[in-house]
Participant: 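Okay, handing you the structure first.
The figures here come from the full heavy-atom set of this structure, side chains too, leaving out hydrogens, waters and symmetry mates. For this chain, numbers begin at 1 and follow the sequence in order.
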Amino acid sequence: MSELITADLVDLDLSAATKDAAARALAERMAAAGRVTDLEGFLADVAAREAQMPTGLDGGIGIPHCRSAHVTEPTLAFGRSAAGIDFGAADGPADLIFLIAAPTGGDADHLSILSSLARQLMDETFTGALRSETAPARAAALIRGEEPEPETPRPADAPEPESAPEPEAAAPTPEPTAPESATPAPFRIVAVTSCPTGIAHTYMAAESLEKAARAAGVELTVETQGSAGFQRLDPQLVAAADGVIFAHDVEVRDRERFAGKPLVDVGVKAGVNRPAELIAEVREKAARGGTAAAPAPATAPMDRGAETTDGYATRLRTWLMTGVSHMVPFVAAGGLLIALAFAIGGYTVDKAPSVADHFLWTESASWAALLFQIGSTAFGFLVPVLAGFIAYGMADRPGLVPGFVGGAVALTVNAGFLGGLIAGLLAGAVVRAIQRIDVPPVLRGIMPVVVIPLVSSAVVGFLMFLVVGKPIAALQKALTGWLSGLSGANAVILGVLLGLMMCFDLGGPLNKVAYAFAVGGLANPNPGSLKVMAAVMAAGMVPPLAMALATTVRGRLFTRAERENGKAAWVLGASFITEGAIPFAAADPLRVIPSAMAGGAVTGGLSMAFGCTLRAPHGGVFVVPLIGQPLLYLLAIAAGTAVGAALVVLLKRFRTPAAEAPGTGGPAADAAHPQVSTHREVTTH
């Protein structure tokens, strides 16, 4: 078993300027050491993990990490940057970068070592030693937890250093002991920490919480649900606890163990960055209400970390986005398969008989029918998945069953996409209402597996079949008819509006609403809905393409990091990944976002005016052969890109001279326009 880190995996003069470049430089060392078999595949896995959540920590630490099939054994590479690299931490760039690589089936011993390292990163003595170390071998030994070899051994004839005489030990003065009854019992907390990869943040949050608890005089025991396995908390500890802290980004296993306890439920980074606040919050909850008489309802995933002051509209938006984000993979898989089927077999392929009864291996028409029928099956899950995960976002796992049932009923009564939205909201509301009922302890065990699914499914099914299903179906039919009849100015206005929505928040809620509206029309395609899909995809491609063009024609107005991002933005924009413009918008939102919106509005309006159609829900320029009026479609994208790029260049020319002067890309430019890394879930729409 190789050592986790060796001297050749240490770079004490890391010259990378961006987090992607830093990951590549350290990954190349892993590949050279034979620990990474496919460099590009491994870096793609690192980037996918980074997209889930920023890996920067307060205190100047970056910990990009992932599990990957391209890693042969658990490995750690360390780099130290003099200039600092932005990994998304609130307090600024990181100068200590640890790239952690674990194989998909990593052994527990090495993963335990990685978890120990994660805890060490919370120790300022450890990080201070790494900042001052000058030899790679000594830095590697320090990370491994070994005593580093002295850099220069003391000469044999050198005199021994004089040691100060030890002071005489004073006789201990016995302290008066208070009566046992006068000593109050300490406040007891149990905590659970977990993160998506289960390698770093899980253990950092645990260490951070334990240190804060010691400082506050609180007894705290942590259950780390990480990749190295987890030791379940002693039931007696849980029973005796005065409060519970969940610091997690994946579902807590067996969370019913903690029912009835005052609970603080946050993301794992809150456990790393503000542990003292969490401890104070759970103490306040316990003091205010004590332990609950009945199990507290499970906090919905999209409500974790939400501010208590968030209004209903904010929470509604997050619930809806939960459903949309889980629906998108079905859209991409089903929609692209259907589009390929039309490309191979023509638009009559939907009339083909079932391939289970008739399939000829040598006929392209049979293969086209196979692709169409697989894609249609995947598309058939859109509404149930949408409804199920809206309910999940509201009420956690108990919402899934009534949500899926309600979504299926929406399809049965032809209520379509709108019916799925209503069914999900109804299911979540019904489950939340049931969870608030105070039931006898003897019934609590069967509530989540029998009572809640039974009652909620019956209620939601009744409402969808007999109360709201038919009115929604009528509204869906009217909307479909309206889209089918769109022409002229009305179509252009709709295209402009959709373009503005796609470009306003670059992958955020408004973007997803516009995209979901377009995808919903593909379930029952007609000329109007196909035009809407084309306009939405075209407008969504504009922001990254416009920024890429602007950095190409007026590079001096952008920082070095932005120019590097501009190169990647060409590919991201062409692939319909609107999030490719986020780094530019985060650094300069007042200039970039209006410019992107203007370009998107032009493209959306032109696409509708040209009558362009699209049957594929994704793909960017790679599905142009499947687009109606493809040349005019590309012209609309080019026009919007040119408008967006011209406007952002014009606006940047009017900034203050102090900010414009360093535009040549030197250090001053990077200071004037720092590369802000804003991470969102890239869902490929």
Participant: Give me the atom names and distance for the closest heavy-atom approach of P544 to G573.
Facilitator: CG-CA, 3.4 Å

Participant: What is the distance from atom CD1 of I97 to atom CD1 of I63, rounded to the nearest 0.5 Å?
Facilitator: 11.5 Å

Participant: Determine, stepwise, if the pair L237 / E223 fulfils side-chain contact (heavy atoms from CB on, under 4.5 Å).
Facilitator: CA-CA 11 Å; L237 275 175; E223 179 181 296; over 6 Å; no

Participant: So, for G34 and T72, which heavy atoms are closest and what is the spacing to 0.1 Å?
Facilitator: O-OG1, 3.4 Å

Participant: Checking R35 side chain against E73 main chain: does a donor-acceptor pair fall under 3.5 Å?
Facilitator: no

Participant: With side chains defined as the heavy atoms from C-beta onward, is the minimum distance between I5 and F98 less than 4.5 Å?
Facilitator: no

Participant: Using modelled atom types and a 3.5 Å cut-off, is there a donor and acceptor pairing between side-chain atoms of S575 and backbone atoms of I577?
Facilitator: no

Participant: If we ignore angles and hydrogens, is there a donor and acceptor under 3.5 Å between the side chains of D20 and T18?
Facilitator: no

Participant: Nearest 0.5 Å please: distance from the OG1 atom of T125 over to the CG atom of L130.
Facilitator: 11.0 Å

Participant: Answer whether the closest heavy-atom distance between the side chains of T202 and Q225 falls below 4.5 Å.
Facilitator: no

Participant: What do the steps show when you test M30 against L9 for side-chain contact (heavy atoms from CB on, under 4.5 Å), and what is the final call?
Facilitator: CA-CA 7 Å; M30 292 181 174; L9 296 173; 4.2 Å; yes

Participant: Rounded to the nearest 0.5 Å, what separates atom OG1 in T55 from atom CD in E50?
Facilitator: 3.0 Å

Participant: What is the minimum heavy-atom distance between P64 and V46, and which atoms define it?
Facilitator: CB-CG1, 4.2 Å

Participant: At their closest point, which heavy atom of D38 faces which heavy atom of G41, and how far apart are they?
Facilitator: OD1-N, 3.1 Å

Participant: Using side-chain heavy atoms (C-beta onward) and a distance below 4.5 Å, is L557 in contact with R591?
Facilitator: no

Participant: Do you know the tightest heavy-atom contact between G566 and A548?
Facilitator: O-CB, 3.3 Å

Participant: Going by heavy atoms in the side chains, are P103 and P74 under 4.5 Å from each other?
Facilitator: yes

Participant: Which of parallel (below 30°), tilted (30 to 60°) and perpendicular (above 60°) describes F246 and F258?
Facilitator: perpendicular

Participant: Got a sec, which residues hit ring pair (Phe, Tyr, Trp, His ring centres under 6.0 Å) with W570, two or more places apart in sequence or on another chain?
Facilitator: none

Participant: Working to the nearest 0.5 angstrom, can you tell me the gap between I143 CD1 and L4 CG?
Facilitator: 8.5 Å

Participant: Closest approach of V542 and I637, non-hydrogen atoms and distance?
Facilitator: CG2-O, 4.3 Å

Participant: Before giving the answer on side-chain contact (heavy atoms from CB on, under 4.5 Å), spell out for R563 and R556 the whole-Å C-alpha distance, their side-chain angles and the decisive distance to 0.1 Å.
Facilitator: CA-CA 9 Å; R563 292 197 296 274; R556 65 184 183 82; 5.9 Å; no

Participant: Does atom CZ of R80 have more than 12 heavy-atom neighbours, drawn from other residues, nucleotides or ligands, at distances under 6.0 Å?
Facilitator: yes

Participant: Has the side chain of T37 got a donor or acceptor atom that lies under 3.5 Å from a matching backbone atom of H70?
Facilitator: yes

Participant: Is any side-chain heavy atom of F87 closer than 4.5 Å to a side-chain heavy atom of I61?
Facilitator: no

Participant: Taking the side chain as every heavy atom from C-beta outward, state whether R24 and L39 have any pair of such atoms under 4.5 Å apart.
Facilitator: yes

Participant: Are any of the side-chain heavy atoms of I245 and I279 separated by less than 4.5 Å?
Facilitator: yes

Participant: Once rounded to the nearest 0.5 Å, what's the spacing between atom CZ of R131 and atom CD of E124?
Facilitator: 9.0 Å

Participant: With side-chain contact (heavy atoms from CB on, under 4.5 Å) as the test, would you mind laying out the steps for F78 and L12 before giving the verdict?
Facilitator: CA-CA 8 Å; F78 169 63; L12 297 181; 3.8 Å; yes

Participant: Enter the distance from T193:OG1 to E210:CD here, rounded to the nearest 0.5 Å.
Facilitator: 8.5 Å

Participant: Answer whether the closest heavy-atom distance between the side chains of R554 and K652 falls below 4.5 Å.
Facilitator: no

Participant: Taking T578 for its side chain and G540 for its backbone only, find out whether a donor-acceptor pair lies under 3.5 Å.
Facilitator: yes

